[in-house]
Protein chains: 2
Amino acid sequence: MAGVRVVVVDDDPLVRAGLRMILGGAPDVEVVGEAVDGQDALDVVARELPDVVLMDIRMPRMDGLAATRRLKERGTTARIIVLTTFDTDEMVLTALQLGAAGFLLKDTAPADLVVAVRRVALGEPMLSPSVTTQLIAAVTRPADDGRRRKARILLARLTEREREVADAVSDGMTNTEIARSLHLGVATVKTHVGSVFTKLEVTNRVQVARYVHDAADER
Amino acid sequence: MAGVRVVVVDDDPLVRAGLRMILGGAPDVEVVGEAVDGQDALDVVARELPDVVLMDIRMPRMDGLAATRRLKERGTTARIIVLTTFDTDEMVLTALQLGAAGFLLKDTAPADLVVAVRRVALGEPMLSPSVTTQLIAAVTRPADDGRRRKARILLARLTEREREVADAVSDGMTNTEIARSLHLGVATVKTHVGSVFTKLEVTNRVQVARYVHDAADER
DNA sequence: CTCCGCCTCCACCATCCGGTGGAGCCAGGG
DNA sequence: CCCTGGCTCCACCGGATGGTGGAGGCGGAG
């Protein structure tokens, strides 16, 4: 194999030159093209069919995320590494959802950049540590946020039976259906539903459903 | 600084020896203790107060995930790297939610293992490529799963007004409240609620709330 | 043993819901 | 110009819901 073919996309000539120099130092990597914005990138990638694209985000005309989307829509085989100075949560998630294979900060060490290009060319992902941290936060955070905890606490005050009834209620069952399904009298169900309302401090069953769902959605 | 202090936890003596040898090759890393299972690990970590713990998952008595949870509960300052042969989605997410700083497969190259220990000691995360891939999948996937899409499609059939009413319904409001809040007659609200039921193919408002919630929870 | 909490049920009643079958108004498209 | 679809409202009805007060059984804590 002739090495990894790379296209560099950045509106700053200095950055392009720097990347060219860094990547040029690796014998198995070859920079086969440059683009100055997203629009340009579409053409260059179409012409050069590179293995990897190093894509800046902030660029005139078309930004890196939009360009990534377009490339993916066109079914490009090139793996895309997003390369930027800033790493907001939103950008990270957006880029990855668009199918970016890597997300690196511009403070990445030259050696790591080369490693990233090689790894991504092999189909592996490569993220900067802080990006990984954000990603971990993204899957960890939802595990315990505000109203979730409140819902848990309130639901914990329910007795076993009440909880069963509350679950049934939030499945959209009527009292009669619940009675049948739990082998109870309708009167009993109504009693339980009543105490659920009191304990959760609500006045109708839709609100019960909200609490149960909030407390539930385990991920 | 005297180097990174590491405790190795694995029930297999061969694995422990191997790790000791790999890490021993690095002058700035020192293996200060070993444990043969999770229970043991708690003691050793409490005694040695290491910077980093290399934790196997499959172990007798107490597995690595449980041990990680316990350590975190006790407010340990040690960063934990989970080290295992297998990487099921579930384990990865669980470990990270428990606060593991790293998740490495046992096929990791010795050099990378040392790098991981150093990076984790500095507070950065370190994941094997395949683990990173899973993590990306985990944050990308929820963007469109089964009943979510169905809910979206059904809700799309609602008119503007009906959608407003549906939202109000799933906030737990009564028809009268909705009427007031949207400056409508109660009769109108009832009409809208009726068509919402028809279009969503449900028979009561709790089920409407389910659809709206399913379609909603953007992440 | 007695009290307390939970579970089970009852009756009564006002209100809310959900279903049905209308009707008038308006804007956009054929 | 008429038809369609969305929005607004009306009346009527049976059944479901939510609120109140009460009662008996049962098991555990004091």
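Letters go in sequence order (proteins before strands), and every chain restarts at 1.
- A heavy-atom distance below 4.0 Å to DNA chain C is reached by these residues of residues 167-191 of chain A, ordered by number: A:Leu184, A:Gly185, A:Ala187, A:Thr188, A:Thr191.
- In this structure, the CD atom of A:Glu160 is 12 Å from the C1' atom of C:dC7, given to the nearest Å.
- D:dC10 atom P lies 13 Å from atom NE2 of B:His192, rounded to whole Å.
- The closest donor-acceptor contact from the side chain of A:Thr174 to the backbone of A:Glu177 lies under 3.5 Å.
- Taking every heavy atom of residues 194-208 of chain A and every atom of DNA chain C, no pair lies under 4.0 Å.
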(message) Applying side-chain contact (heavy atoms from CB on, under 4.5 Å) to A:Asp11 and A:Asp37, what does each step give before you reach the verdict?
(response) CA-CA 6 Å; A:Asp11 58 326; A:Asp37 63 38; 5.7 Å; no
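- Looking at A:Gln207, its side chain does come within 3.5 Å of a backbone N or O of B:Gly172 through a donor-acceptor pair.
- Regarding A:Leu158, its CG atom lies at a distance of 11 Å from the P atom of C:dC6, rounded to whole Å.
- Whole-Å rounding puts the B:Arg163 CZ to D:dC7 P distance at 12 Å.
- Side-chain atoms of B:Ile81 and B:Val53, non-hydrogen and from C-beta on, never get closer than 4.5 Å to each other.
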(request) Report the C-alpha separation of B:Glu34 and B:Val6 in whole Å, then their side-chain angles, then the decisive distance to 0.1 Å, and conclude whether the side-chain contact (heavy atoms from CB on, under 4.5 Å) test is met. (result) CA-CA 9 Å; B:Glu34 292 183 4; B:Val6 181; over 6 Å; no
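- Here the side chains of A:Val202 and A:Val196 are not in contact, with every heavy-atom distance at 4.5 Å or above.
- No side-chain heavy atom of A:Leu54 sits less than 4.5 Å from a side-chain heavy atom of A:Val7.
- Atom CZ of A:Arg119 has more than 12 heavy atoms from other residues, nucleotides or ligands within 6.0 Å.
- The shortest distance between side-chain heavy atoms of B:Arg205 and A:Arg205 does not fall below 4.5 Å.
- In terms of modelled atom types and a separation under 3.5 Å, the side chain of A:Thr108 and the main chain of A:Leu104 share no donor-acceptor contact.
- Axis angle, first five pairs versus last five pairs of the helix from C:dC1-D:dG30 to C:dG30-D:dC1: 30°, rounded to 10°.
- A:Thr159 has no side-chain polar atom (N or O) that falls below the 4.0 Å cut-off from OP1 or OP2 of C:dG5.
- Taking the side chain as every heavy atom from C-beta outward, A:Arg58 and A:Thr85 never approach each other to under 4.5 Å.
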